[in-house]
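First up is the structure itself, then whatever we jot down about it.
Order of the sequence lines sets the chain letters (A, B, ...), proteins ahead of strands, with each chain counted from 1.
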Number of protein chains: 2
Amino acid sequence: MTINDVARLAGVSKKTVSRVINNSPLLRAETREKVQKVIADSGFAPDPQARGLAFRRSFLVGMIYDNPSPNYVVNMQQGVLDAVRGAGLELVVHPCNRASDTFLSDVRGFIVRQKLFGVVMPPSVSEDERVIAILKEAECPYVRIASVSLDEPRHMVVTNDSSGAAEAARHLAGLGHRRIAFISGPDSFRSSHERGRGFAEGLAEHGLTLDPAYVRVGAYTFESGVEAARDLLAMADRPTAIFAGNDEMAIGVMKAARDAGLDVPFDLSICGFDDLPMASRVWPNLTTVRLPIRDMGRMAAEKLTASIRGLDAATLTQPEVRPSLVVRDSTAPLQGS
Amino acid sequence: MTINDVARLAGVSKKTVSRVINNSPLLRAETREKVQKVIADSGFAPDPQARGLAFRRSFLVGMIYDNPSPNYVVNMQQGVLDAVRGAGLELVVHPCNRASDTFLSDVRGFIVRQKLFGVVMPPSVSEDERVIAILKEAECPYVRIASVSLDEPRHMVVTNDSSGAAEAARHLAGLGHRRIAFISGPDSFRSSHERGRGFAEGLAEHGLTLDPAYVRVGAYTFESGVEAARDLLAMADRPTAIFAGNDEMAIGVMKAARDAGLDVPFDLSICGFDDLPMASRVWPNLTTVRLPIRDMGRMAAEKLTASIRGLDAATLTQPEVRPSLVVRDSTAPLQGS
DNA sequence: CTGAAAGCGCTTACAG
DNA sequence: CTGAAAGCGCTTACAG
């Protein structure tokens, strides 16, 4: 079944069938219906490769990422697919290593060769201006997901990490904690700074300041969380609450607390960020800040598909990404003070 | 840069350039080198859409899956990518819901429309003969990953779940346990039966039998693990060791043990299956059986790319997938008996 | 509002 | 061992 067969069956030219496929407005309603009936009856579906060749643009959406968390990746893929399916597009995944020598040429090759319909990028790829330059040069549409705005609105989904971190701060301060520590993610991630900034702001609302003596820099990994927490818990005036920059590290803090003979949350309150599935499996269940990762992927992909759906990207109401605090069992009121 | 430009620069016909691209043997070495030099100098890369249109076959490998575990999915994607990159192919992901009314027509549409180069399927999609029928009808190459052989060798990567489960049984029996329980996965998964069968065989080697009174059927989820373990631990002669069909359920068993006031591993040994990252984060660290999921994905994709690499799929040495026991802190010798 | 011609960048089938 | 012609299934640019 090709466009020629449909044209013959409908008694029109293939160009007219093409117009139906592409929702051209310059078509008599009657003609359109006639062709649509033949398409529906025959089960015809246009060949994406042929369309792509003629359009000089494929029907593939690429997701380029270096995020190490499987949960994050799968959830975001699912979100992108939510938007992409039904739009007649497919999702091509492209994990990468920004530290590799061939990183940029790999990414360029992928983008240029596949003539991608569009690209979605979560941090930290979304924060790499060299990748953006390649996309611009290739005139490839793209959307960046990041904790702070880095580009024009049509290219951005902003996740407001700072507001989530502020909520965590209010929660801990509201429980009466005063010696509150923060374990930051690595310097190279914007989110590390955004979460730290928001956390400090939230504390400030309660008249507290984030004492640099109670700040450690981790690597967003379990092990770095363990190490940072060991250090903090060995202090003379050890913190009574710790906010970790992500759940991986927060669960490392739990291990360090257990090793130090501290009861969580009685002796130490712990709060994470991300709400991994693991957060509600560990004991005690982890209080954390949830980011709607699937929604973020969907929103990003919807910006890409707006043109197909006949929408002006500017017309899209800009839905806000709001992190939200999920209070579980790893945080409790300050004891005996 | 197109094939025409290369042909002009090399002073040959575009058909000759095409022969170089496709590794045709009927080419004078001299001609081949001349063309290859132009290709290397110009950075030319053939357009996959144009090639695909002419070949009537795309350069996309599809991964179709309904596995709910993000870790499993991401690891397997990574394995497929290990094989697919460098072969000039891309990975298109296609999660699906086998319970959906539109499941089969969705999958058929995906396969037929994209003219996939090949498809890789983990369980339980790999166990669905209706999907296989569609693939055969579309003459689409495919590889099935499953716990037991279901097809000709060139279509299979077999994971020998039973041998891993047998290892778990030997481990627990070797620690002196006699009242050993098994929490099975759902009936609809072949792996549930394979793991149960292997476990029983391993026990038999130690002169033990798997008592049906100590068997429960779960759903491969955390919650079902909690529930099954509650039931087992409430027995008059409660088991001293539990083998859970996967890690999710094993971690549910941990929760049930904690709720029942039992110390793991002193009062109860627990063993899982999968070795999720979570297994080495929970407390105590979980003893489990590891499946080399990334390798499984790579091996499956290599069967698909064998033709490109000029290999006969039959020639491929069939690497064995061997699950391996990872002993951690959730299992210990039987106490006081 | 509709169509005939040319073309997207490659390969197949046929020659020589 | 190499090439000229026709074609893969669509769309663009131009007419009318």
Side-chain angles (χ1 to χ4, degrees), chain A residues 1-36 38-39 42-60 88-89 109 112-117 138-139 307-308, chain B residues 1-36 38-39 42-60 88-89 109 112-117 138-139 307-308:
Chain A
M1 252 296 164
T2 73
I3 198 173
N4 287 308
D5 302 320
V6 174
R8 193 168 27 75
L9 288 169
V12 298
S13 75
K14 68 191 205 184
K15 177 61 222 177
T16 296
V17 178
S18 170
R19 286 197 177 93
V20 172
I21 294 169
N22 292 294
N23 286 315
S24 161
L26 350 112
L27 261 183
R28 225 169 47 193
E30 196 187 327
T31 314
R32 179 187 308 280
E33 278 158 27
K34 184 172 59 181
V35 174
Q36 271 169 340
V38 173
I39 290 178
S42 64
F44 165 76
D47 181 327
Q49 309 219 64
R51 290 185 83 195
L53 182 59
F55 268 137
R56 290 157 194 74
R57 177 113 296 175
S58 78
F59 290 88
L60 303 173
L89 303 171
V112 171
R113 202 165 342 103
Q114 298 301 324
K115 299 206 183 77
L116 295 172
F117 183 87
E139 296 181 53
S307 61
I308 283 190
Chain B
M1 254 296 162
T2 73
I3 199 175
N4 288 307
D5 301 319
V6 175
R8 190 169 29 75
L9 288 169
V12 298
S13 75
K14 69 193 207 182
K15 177 61 224 178
T16 296
V17 179
S18 170
R19 287 196 176 92
V20 173
I21 294 170
N22 292 294
N23 286 316
S24 162
L26 348 114
L27 261 183
R28 225 170 46 195
E30 195 187 328
T31 314
R32 182 189 305 282
E33 277 158 26
K34 184 172 60 179
V35 174
Q36 271 169 342
V38 173
I39 290 179
S42 64
F44 165 76
D47 182 328
Q49 310 220 63
R51 290 185 82 195
L53 182 59
F55 269 137
R56 291 158 194 74
R57 176 113 298 174
S58 79
F59 291 87
L60 304 173
L89 303 170
V112 171
R113 204 166 339 103
Q114 298 301 324
K115 299 205 183 78
L116 294 173
F117 182 87
E139 296 180 53
S307 60
I308 283 189

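Remark: A/Arg32 pairs with no residue by the salt bridge (charged side-chain N to carboxylate O under 4.0 Å, His left out) rule, at least two apart or across chains. The salt bridge (charged side-chain N to carboxylate O under 4.0 Å, His left out) test applied to A/Arg56 returns no partner, not counting sequence neighbours.
At least one side-chain heavy atom of B/Leu60 sits less than 4.5 Å from a side-chain heavy atom of A/Leu60. Taking the side chain as every heavy atom from C-beta outward, B/Val6 and B/Val20 never approach each other to under 4.5 Å. Under the 4.5 Å side-chain criterion, counting only non-hydrogen atoms from C-beta, A/Lys14 is not in contact with A/Thr2. At least one side-chain heavy atom of A/Ile21 sits less than 4.5 Å from a side-chain heavy atom of A/Arg51. For the pair A/Val38/A/Val17, no side-chain contact is recorded, criterion being any heavy-atom separation below 4.5 Å from C-beta on.
Nucleic acid contact class of B/Asn22 (heavy atoms, under 4.0 Å, all strands): sugar-phosphate only. A/Phe59 comes within 4.0 angstrom of no nucleic acid atom, judged by non-hydrogen atoms across all strands.
To the nearest 0.5 Å, atom CZ of residue A/Phe44 and atom CG of residue A/Leu9 are 11.0 Å apart. The OG1 atom of B/Thr31 sits 11.5 Å away from atom CG of B/Leu26, with the distance rounded to the nearest 0.5 Å. Distance check: A/Ile3 CD1 to A/Ile39 CD1 gives 8.0 Å after rounding to the nearest 0.5 Å.
Of all nucleotides in DNA chain C, those with any atom nearer than 4.0 Å to a heavy atom of chain A start and finish, going 5' to 3', at C/dC1 to C/dG9.
Nearest approach of B/Pro48 to A/Gln114, heavy atoms of both residues: CG-NE2, 3.8 Å.
No option in A/Arg57, A/Lys115, A/Arg113 other than A/Lys115 meets the salt bridge (charged side-chain N to carboxylate O under 4.0 Å, His left out) test with B/Asp47.
Secondary structure note: stems in DNA chain D built from 3 or more consecutive Watson-Crick or G-U wobble pairs under 3.5 Å occupy C:1-3 with D:14-16, C:5-12 with D:5-12, C:14-16 with D:1-3.
Against DNA chain C, the stretch residues 5-17 of chain B makes heavy-atom approaches under 4.0 Å through B/Lys14, B/Lys15. For residues 24-34 of chain B, proximity to DNA chain C is found at no residue, defined as any non-hydrogen atom under 4.0 angstrom from a strand atom.
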